[in-house]
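No experiment lies behind these values; they were computed from the predicted model shown. In what follows, chains carry the letters A, B, and so on, assigned in the order in which the sequence lines appear, proteins first and then strands, with residues in each chain numbered from 1.
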Amino acid sequence: EPALHGEILSPNYPQAYPNEVKQTWDVEVPEGFGIHLYFTHLDVELSENCLYDSVQIVSGGVEEGKLCGQRTSKNPSSPIIEEFHIPYNKLQVTFTSDFSNEERYTGFAAYYVAVDVNECMDFADVPCSHFCNNFIGGYFCSCPPEYFLQDDMRNCGVNCSGDVFTTLIGEIASPNYPNPYPENSRCEYQIRLEEGFQVVVTMKREDFDMEPADLEGNCPDSLGFVTRDQRFGPYCGNGFPGPLTIETKSNTVDIVFQTDLTGQKKGWKLRYHGDPIPCPKEVSANSIWEPEKAKYVFKDVVKIICVEGFEIVQGSSSSTSFYSTCQSNGKWSDISRVKCQPVDCGTPEPVRNGNVEEPEDTLFGSLVRYACEEPYYYMEHEGSAEYQCSVNGTWVNEVLGAELPKCVPVCGVPSEAFEMKQR
Amino acid sequence: IFGGSFVKIESFPWQVFFRSEWAGGALLDEHWVLTAAHVVEGNPHPAMYVGSTTVQTSELDKAQALTAERVFIHPGWHPAPSQGARKNFDNDIALVRLKEPVKMGPTVSPICLPGSASKYNFSVGDLGMISGWGKTEKKDWVLRLRGAKLPITTLDMCQEVRGKDSQVEPRSYVFTENMLCAGGAGVDSCQGDSGGALAVKKLIEKSPKFYVAGLVSWGLECGTHGIYTKVQNYIGWIRATMQENSTPRED
C-alpha cells in the first residue's frame with residue numbers, strides 16, 4: 001500500500017551534489033488521494049531554463065515544474081520555498097546535474113504528503129451522473145429516488161432492464177410513459193418467444209417522441225431492436241421514423257433504450273406479437289400436399305403424397321407418402337431428404353422353364369412379357385404373359401395379379417412322330 | 001415289346017425307365033410319374049431315368065435321373081398272394097412323386113392325362129402306341145427303346161387268349177372294368193414293359209395330343225393281347241393324390 005507521505009533529498013544532501021547525475025523518484029500515494037509536494041531547501045546551479053542542473057516534476061506525462069537556482073523561504077513562518085498540488089496519486093521527480101560546477105551546490109530537500117482530492121469539485125467533468133459524495137481518499141456517487149446506481153458506479157439510471165416478455169402478444173413502453181422518461185438510463189427489454197415464432201413489432205408514429213438527433217444524425221436518446229442476425233434502429237426524434245411494422249424473423253429480440261442526461265421527452269410505446277414462422281410452399285416433384293394452404297406456418301404438418309406411380313424409398317422400405325412439419329427455422333422437416341421417385345419394380349423375377357424379356361426400364365407403368373420355353377412348356381394361364389409395373393412396386397398381370405406366370409410342360413406332343421412300317 | 005421296332009425317345013418323350021425293376025412308367029408332369037402298382041410295390045424309392053433312348057449305364061449317366069420322394073400305390077391294389085402267381089391285377093396303378101422337377105425338352109415331356117369327360121373316352125379300335133425296354137420275340141430285354149402301334153380291343157379278346165402253357169387257366173385270372181385290352185397281329189407288350197403308357201392320340205379342342213389310355217399291366221401270353229390298366233377310371237384318384245401332395249407352389 002503506497003505511503004501517505006515521504007521525503008526526497010538530492011544525492012549527498014546536505015553536502016554538495018556530484019557532477020553528471022540523473023536520478024528519478026517515482027512518487028505514489030493511495031488511490032483517491034492527490035499529492036502536495038513542497039521544497040524546504042533549494043540550492044542548484046542556476047542556468048537559463050535550468051538547462052544545466054535542475055529538479056523536474058512530472059505528473060500524468062505533463063511537466064508540472066522545473067526548478068534550479070538558490071532560494072530560501074519568503075515566509076518566515078513557513079519553510080516552504082516551492083510547492084505543488086497534484087490532483088493525481090502519482091508523480092515523478094527527476095534531479096539532473098551536468099559535468100561542470102564552479103561552485104559547491106547542496107541540492108534540494110523536498111517532502112510530499114497525500115492530500116484528499118475532492119473528485120466532485122476539483123475536475124471539470126463531474127464523475128457522477130447525479131449526486132457526488134466526496135470522502136477522504138475517494139468519492140461515491142448516489143442517485144435520486146427511483147434511480148439506481150449502474151454497474152459503473154457512476155451513472156444513475158432507472159431500473160428498467162431485465163424485463164423478459166414471453167407471451168405471444170405484448171406491449172412495452174418507456175419508463176413513466178407518457179410522462180418524460182428518465183435521463184441517463186439504459187433500459188434493456190428482452191422478448192423471448194418459442195422457437196418457431198417471429199417477433200413482429202408494431203409502432204404507431206404518434207406513440208414515439210424522443211430527443212431528436214444531433215447535427216451528425218446521432219441520437220442522444222435512442223431506441224433500437226437487436227436480433228441474432230439483424231439490428232433495427234437506433235430511432236429517435238418526434239414521431240417514429242422507422243417502419244410501423246417490423247418483422248424481425250427472429251423469436252428473440254433485445255430492445256435497448258438509451259438516454260443521456262438532458263432532453264427528456266414522453267418516450268415511446270410499442271406492441272409486439274408472435275407470428276409463426278412461415279415455411280415456403282415448396283413444389284416437390286411428383287407429389288401433392290394435404291392440406292393445400294395458401295400459407296404454411298410453424299407447426300403446420302403436411303402430408304406429402306406421391307402421385308400414382310411414385311414412391312418414397314428409404315433404405316429397404318418404401319411408402320407413398322410422408323409427413324413434413326414446418327419447423328421453427330422456417331424449413332420443412334425431411335423435405336430435402338425425402339423425394340417421390342418413380343416406383344421401381346426392379347428386375348422381374350425369373351420363372352422356371354420360361355424367360356422374361358429384359359425390360360427397357362422397370363419403372364411404374366413399364367411392361368414386360370414372359371414366355372415359356374416352347375414347345376415343351378406353355379403358359380398355364382392364358383393371358384398371363386404380360387406384366388405391368390404397378391403402383392405398389394410389383395409386376396402385375398391382369399389374370400394372375402402379382403403371382404408369377406407358370407410354365408407347365410406341354411403334354412402328349414412328342415418332338416418326333418413315331419412312324420411304323422406296319423400296314 | 002413284341003411286333004415293334006426300334007424307336008427314338010423323342011417319339012415317346014414320356015417314357016420313364018425304372019432301372020432296378022426294369023420296367024416303364026409315364027411322365028405326367030414335372031413332379032409325377034404314373035406306373036403300374038406291381039412295378040413299385042416292393043420299392044418305395046425306385047430309381048428312374050428319362051430322356052434316353054438306350055439304357056446302358058454309360059447312357060443313363062447322361063440321362064436325367066429322377067429321384068422318388070414317395071410312392072403312392074392305389075388303395076385298391078391287392079398284395080401278391082403268399083403262394084403262386086398273382087391272379088388279380090385290379091387297380092394296378094401307382095404314382096411316384098419326384099423330389100426335383102423334371103426339365104422338359106425334345107427327349108423329355110409328359111403325356112396328357114385324359115379328363116373324365118366322355119370326349120376323352122377311348123373306344124375299341126382306337127390305335128394306341130406302346131414302348132419299353134422289355135422282352136421281345138428274341139430277347140428277354142433290350143437296351144434300346146422299342147415301340148409299336150396296336151389297337152384297343154374288347155376285354156373278351158384278352159379273356160379268350162390261350163397261353164402256350166396249358167397249365168395256365170385263363171379263367172382263374174381276375175378281369176375287371178378297370179382293365180383295357182389291346183394288341184393283335186403279334187403286337188403286344190411283355191415283361192419289362194410294365195407300367196409304360198398305352199398312348200392314344202386324340203384331337204381335343206383342335207389340338208392333337210397323346211393321352212395315356214392305359215398302363216402295361218399283365219397278359220397271359222406275350223405276342224397276343226395284353227391287359228392295360230384303364231387309366232380313365234382313376235383320374236379322380238390321380239388328381240386327388242397329385243393335388244394333396246403337391247408343394248404349395250404347384251397348386
Side-chain angles (χ1 to χ4, degrees), chain A residues 345-358 362 368-390 392-423, chain B residues 3-15 26-32 51 53 100-114 127-131 145-151 184-187 197 199-204 207-213 249-251:
Chain A
C345 289
T347 306
E349 271 186 67
V351 288
R352 244 169 11 91
N353 310 319
N355 44 60
V356 57
E357 73 205 12
E358 195 54 43
T362 58
V368 290
R369 287 190 69 78
Y370 282 90
C372 294
E373 289 168 13
E374 291 174 348
Y376 308 110
Y377 295 88
Y378 70 99
M379 212 144 268
E380 187 175 39
H381 299 281
E382 192 71 30
S384 59
E386 187 166 273
Y387 281 71
Q388 183 165 39
C389 179
S390 69
N392 61 12
T394 59
W395 292 98
V396 170
N397 169 268
E398 283 165 5
V399 175
L400 298 177
E403 189 186 331
L404 286 178
K406 196 174 165 200
C407 292
V408 294
V410 171
C411 70
V413 181
S415 54
E416 286 187 26
F418 168 45
E419 295 307 335
M420 270 202 71
K421 305 294 175 278
Q422 261 167 313
R423 288 187 174 78
Chain B
S5 63
F6 284 126
V7 294
K8 290 171 72 177
I9 192 71
E10 282 83 350
S11 303
F12 296 85
W14 48 77
Q15 180 69 34
L27 186 65
L28 292 184
D29 73 11
E30 295 175 299
H31 288 276
W32 292 93
T53 300
E100 301 299 330
V102 177
K103 182 63 187 168
M104 309 304 172
T107 62
V108 180
S109 70
I111 190 165
C112 303
L113 260 182
L127 194 58
M129 308 197 303
I130 51 174
S131 55
L145 185 61
R146 296 179 74 84
K149 287 187 180 178
L150 71 177
V187 178
V200 177
K201 185 186 265 192
K202 288 186 99 49
L203 182 62
I204 290 183
S207 120
K209 288 184 178 180
F210 283 95
Y211 291 82
V212 54
R249 177 68 188 86
E250 281 173 49
D251 287 350

Exercise. How about A:Glu357: does its CD atom have over 12 heavy atoms from other parts shown lying under 6.0 Å from it?
Worked result: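 Buried by this count: over 12 neighbours within 6.0 Å.
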Exercise. Nearest heavy-atom pair of B:Pro208 and A:Val413: which atoms, and what distance?
Worked result: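 Closest heavy-atom pair between B:Pro208 and A:Val413: O-CG2, 4.3 Å.
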Problem set entry | Taking every non-hydrogen atom, the tightest pair across A:Pro414 and B:Glu10 |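 Distance-wise, the nearest heavy atoms are CB-O, 3.3 Å.
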For this session: Please determine, among B:Gly105, B:Ser131, B:Pro101, the option with the most heavy-atom pairs under 4.5 Å with chain A.
Result: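 Highest number of pairs under 4.5 Å: B:Gly105.
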For this session: Keeping the roles fixed (side chain from B:Ser109, backbone from A:Cys411), state whether a donor-acceptor pair exists under 3.5 Å.
Result: no
For this session: Mark yes or no for whether B:Lys149, through its side chain, and A:Phe418, through its backbone, hold a donor-acceptor pair below 3.5 Å.
Result: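 Flag set: sc B:Lys149 to bb A:Phe418 pair under 3.5 Å.
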Exercise. Excluding sequence neighbours, so at least two apart, what forms ring pair (Phe, Tyr, Trp, His ring centres under 6.0 Å) with B:Trp14?
Worked result: B:Phe210
Exercise. Can you tell me how far the SG atom of A:Cys407 sits from the CE atom of B:Met104, to the nearest 0.5 Å?
Worked result: 12.0 Å
Exercise. Is chain A contacted by the side chain of B:Lys103, its backbone, both, or neither, given a heavy-atom distance below 4.5 Å?
Worked result: both
Exercise. Is chain A contacted by the side chain of B:Val212, its backbone, both, or neither, given a heavy-atom distance below 4.5 Å?
Worked result: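 For B:Val212, there is no contact with chain A at all, as no heavy atom is under 4.5 Å.
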For this session: Kindly write out the residues that satisfy salt bridge (Lys or Arg N to Asp or Glu O under 4.0 Å) with A:Glu416, not counting sequence neighbours, or none if the list is empty.
Result: B:Lys8
Exercise. Should A:Tyr376 and B:Pro106 count as side-chain neighbours, where that means a heavy-atom distance under 4.5 Å?
Worked result: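 Yes, close enough: below the 4.5 Å cut-off.
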